[in-house]
There are 2 protein chains.
Amino acid sequence: MTTLTATPSHTIADIKAIILREARRVTSYDVASLAGVSQSAVSRCFKPGASVSKATYARVMQAAQDLDYTPNAAARSLITRRSNLVAVIVPSAISQHYSDVLAELSRQFSLRGMHIILFNLQSESEIDLTLAEVWLHQVDGAVVAARLTAEQVAEFERRRVPIVLFNRSVAGCDVNSVVCDQEEAARAMVTRLAAAGHKRFAMIDGPAQSPIAQQRKRGMAGRLAELGLAAPMAVAGGLDYNGGARGLREILDRFGGIPDVVVCGNDLTAIGCLDTARHDFRIDVPGHMSVTGFDGIAASGWISYNLTTMSQPLLSMAQTAAEMLFGLVAGTGGARQQRSYSATFVDGATARLGPA
Amino acid sequence: MTTLTATPSHTIADIKAIILREARRVTSYDVASLAGVSQSAVSRCFKPGASVSKATYARVMQAAQDLDYTPNAAARSLITRRSNLVAVIVPSAISQHYSDVLAELSRQFSLRGMHIILFNLQSESEIDLTLAEVWLHQVDGAVVAARLTAEQVAEFERRRVPIVLFNRSVAGCDVNSVVCDQEEAARAMVTRLAAAGHKRFAMIDGPAQSPIAQQRKRGMAGRLAELGLAAPMAVAGGLDYNGGARGLREILDRFGGIPDVVVCGNDLTAIGCLDTARHDFRIDVPGHMSVTGFDGIAASGWISYNLTTMSQPLLSMAQTAAEMLFGLVAGTGGARQQRSYSATFVDGATARLGPA
DNA sequence: TTGTATGCGTTATCAA
DNA sequence: TTGATAACGCATACAA
């Protein structure tokens, strides 16, 4: 490699030619050479709050601009032991649902000088391969919206990578998380429905592996039992639009008549159920049957649906998750915490409701 | 730092204690020490296709597992000059729309051992700040779904960062891109609508800065002129659900009566327009007025809408973009290329159509 | 096949 | 305030 002295013996063109010839990057040495200062001086100029004279700073910055110099994050992170990178791990299946969350996380982290490496899980089974990639990239922390085993959580701990679970928890594991209380939401929904006189409950459930679906189901069953009502007829949906359509057909088949209400695992399912009820079966909703969702997605508010649902404060949750993780990374995190948000009732037009 | 010799003089517990005490990471030297080999041997074990004996490999891997060792991507990229990181730059405003694209890009890149750093633009004006972060992280390439100036494209070139534009182009700039031919799509739509006898066209347009909206508008206007029909009455929408609602109101106001068809800037707008037309104005769609969209989002297929629209092959486009970028990064890219896809007609139930 | 030595581009320490 | 020098953790050329 051509030695670049600290005296300004090279012109911009010289240096650019050398870099081109050697097929390498512009380094702080190049900038130092052009500015006639030492490499350390250049480094200091790119560190906020470092001690540099006005004159040196100006010359260095001019040289940096002339050469299109940018510090190399890899080299920097090698010595600072911070990558300023955060892993966000989301199952592909729900990435649609979380696009706003992702955008908000990205915003929050970039406000703090950090960026997101995205890990999209095809299936939850490939999570171990994904974690290997996470370790590789030396992320400063991770936001995980996927199911984790206690062993996997322990590995985060061993490797000293702070983690915040998003809308998940791990059984028997005290881990930082931001969640929406699904069980409470389901109970609230049942309460309002029962207050309006609904007795025969049906439910289109998510897959058995979905923890959120399970929590909602548990809340519903629990509250029904408290109220002395029969357990709901539950059919498996799939948490998408078609799942709602299929689910309703199965319910009508098995129920022999229509139930008072179909509580759906999420809004997408509810919308599928609603469309099928109204258009294929000509059922009057909510006149003859109520339909409710969970989540509060944008489409639930569209005029055609105006869905009665429980809305999760996803944006606030994302903001909190980012804050929490940043605190942990910066070392000001303090103790483990579980932040739980309540869903808010959206009093739409697809269910008859009683008082809270 | 404690010197770790190449002889297996330390036990697992020893090494872990040292690492803990020095608050540093597990390095290939630690693994080498435990396995009783040199550091370079460890390095080779983690390089696919390197020359290592069966026995050495086994011992190294055992030691690596015992210590929870993972290579450090930062150190690696410093020497290989590849970060295996790809920047994906998307305006927040459309991140919803592109969540599937993002998932597919993530899948495609991780298949090739690369990962995505996500850059979400709050406003397109902050792109220069964002690019600075992109340079910092030494990404191997970028997929950009935002508007870029020729100067910005030139900077990618100067810095030798390959780039693929997604559904964008830069005026007077020969840059790799994967697009859907919006103008052709708009022309096809007008042709089918005109063939059914529609004469009075209205359109709910996207913002003037949106290149996609402009292309669609141009195609529509061009084809109408060819057919000897009057130019459409255009109102500005905003490309969201409410934009469709507001847009229709404005059209009805200004039109004095209802037009034959409202061509909407995208599906979301069309759905808003449709809901407003049917529920607020009791207009028979498509009996008295046709409504069409663009994009082919999931909701356009829901029973309540069954929207007549032009569907973009976003997944194929994402796949192509990833392939193209990977080719450029791997050096097998060849010449600049613009891949253009055609939208496919979705013959829904919201417009009267003639033959193609 | 294996080990030694070197450099990737930065930050951090310390003396001047 | 500045410059020399030593890490950071790895991959690679070369010698053995």
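Each chain gets a letter, A, B and so on, in the order its sequence line appears, and its residues count up from 1. Treat the numbers as computed from the prediction; the structure is a model and nothing was measured.
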Check whether any side-chain nitrogen or oxygen of Arg25(A) sits under 4.0 Å from OP1 or OP2 of dT10(C), and answer yes or no. no

Q) Are Arg160(A) and Asp140(A) ion-paired here, with the side-chain N under 4.0 Å from a carboxylate O? A) no

In whole angstroms, the gap separating C1' of dG9(C) from NE2 of His137(B) amounts to 16 Å

Asn72(B) atom CG is separated from dA7(D) atom C1', nearest whole Å, by 14 Å

Arg81(B) CZ to dT10(C) C1', in whole Å, measures 14 Å

dT2(D) phosphate, OP1 or OP2: any side-chain N/O from Ser53(A) under 4.0 angstrom? yes

Q | Close aromatic pair by centroid cut-off 6.0 Å: Tyr69(A) and Trp135(B) | A | no

Ranking dG3(C), dG3(D), dT2(C) by distance to the side chain of Ser38(B), first place goes to dG3(C)

Whole-Å distance, Leu136(B) CG to dG9(C) P, equals 15 Å

To the nearest angstrom, the CH2-P distance between Trp135(B) and dG9(C) comes to 18 Å

Scoring nucleotides 11-16 of chain C by protein non-hydrogen atoms under 4.0 Å (B base, S sugar-phosphate only, - none) yields BB----

Show the atom names and distances, to 0.1 Å, of all donor-acceptor pairs under 3.5 Å that link a side chain in residues 43-50 of chain A to residues at least two apart or in another chain.
none

Between Leu34(B) and Thr11(B), the two heavy atoms sitting closest are CD1-C, 4.1 Å

### Message
Taking Arg336(A) first and then Glu157(A), would you say they form a salt bridge - that is, a charged N and a carboxylate O separated by under 4.0 Å?
### Response
yes

Handout entry: Phosphate contact (dT1(C) OP1 or OP2) by Thr56(B) side-chain N/O below 4.0 Å
Key = no

Taken to the nearest whole Å, CD/Gln138(B) to C1'/dG9(C) is 9 Å

Between CZ of Arg24(A) and P of dT10(C) the distance, given in whole Å, is 10 Å

If you take the centroid of each ring, where Trp contributes its six-membered ring, are Phe109(A) and His115(A) closer together than 6.0 Å?
no

Side-chain donor-acceptor distances from residues 142-149 of chain B under 3.5 Å, at least two apart:
residue: Arg147(B); atom: NE; partner: Gln209(B); partner atom: O; Å: 3.4
residue: Thr149(B); atom: OG1; partner: Gln152(B); partner atom: N; Å: 3.1
residue: Thr149(B); atom: OG1; partner: Gln152(B); partner atom: OE1; Å: 3.3

Leu78(B) atom CG is separated from dC10(D) atom P, nearest whole Å, by 12 Å

